[in-house]
Novice: 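One structure follows; several queries about it will come next.
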Amino acid sequence: MYQRNQVSTLVQRLVEDTVWTMQIIVGPGQTGKSTMIAQALSAADVISHYVSADDAANPNESWIEREWQVARGMTRNGSRKVVLCIDEV
């Protein structure tokens with residue numbers, strides 16, 4: 001499968017020790033952004049919670065808060081890093 005150069009950059013950023021880091025991937029539709037994210041999450045070997053706003057019935061602020069809480073629950077009280085990925089925002 002084709003892998004963009006940006007995947008390695010994203011992997012490096014995902015495994016950084018920075019406590020609060022937000023990565024925003026933007027670009028035209030149907031250009032492989034979701035694929036690139038999936039490849040980076042797999043290559044980074046990080047614990048992640050991936051959701052797509054396309055799959056949500058009502059992707060509003062309460063939906064985002066629920067997904068945030070799911071990811072926070074995966075951290076084992078802050079003892080490990082969890083990446084929350086919200087696609088198609």
Novice: Can you find a pair of side-chain heavy atoms, one from I86 and one from W63, that are under 4.5 Å apart?
Specialist: yes
Novice: Side-chain polar contacts of residues 27-42 - donor-acceptor pairs under 3.5 angstrom, sequence neighbours left out - could you list them?
Specialist:
residue	atom	partner	partner atom	Å
T31	OG1	P28	O	2.8
K33	NZ	G27	O	3.3
K33	NZ	P28	O	2.6
S34	OG	D87	OD1	3.4
S34	OG	D87	OD2	2.5
Q39	NE2	Y2	O	2.9

Novice: More than 12 heavy atoms of other residues, nucleotides or ligands under 6.0 Å from CZ of R80: is that the case?
Specialist: yes
Novice: In the hydrophobic clustering (ILVMFWY, side-chain contacts below 4.5 Å, transitive), which residues join M22, or is it alone?
Specialist: I24, V26
Novice: Mind checking what makes side chain to side chain contact (heavy atoms under 4.5 Å, CB included) contact with Q12, not counting sequence neighbours?
Specialist: none
Novice: Is there a side-chain contact between V46 and K81, using heavy atoms and a 4.5 Å cut-off?
Specialist: no
Novice: Indicate the atoms forming the closest heavy-atom contact of D54 with E88, along with that distance.
Specialist: OD2-CG, 3.2 Å
Novice: Measure the spacing between OG of S8 and CD of Q3 and express it to the nearest 0.5 Å.
Specialist: 7.5 Å
Novice: Are V11 and Y50 grouped together when hydrophobic residues (ILVMFWY) are joined by side-chain heavy atoms under 4.5 angstrom apart?
Specialist: yes
Novice: About how many Å separate CD of Q69 and NE2 of H49, when rounded to the nearest 0.5 Å?
Specialist: 11.0 Å
Novice: Measuring only between side-chain heavy atoms, which start at C-beta, is V51 closer than 4.5 Å to V70?
Specialist: no
Novice: Less than 4.5 Å apart, any side-chain heavy atom of I47 and any of M74?
Specialist: yes
Novice: CZ/R13 to CG/L10 distance, rounded to the nearest 0.5 angstrom?
Specialist: 7.5 Å
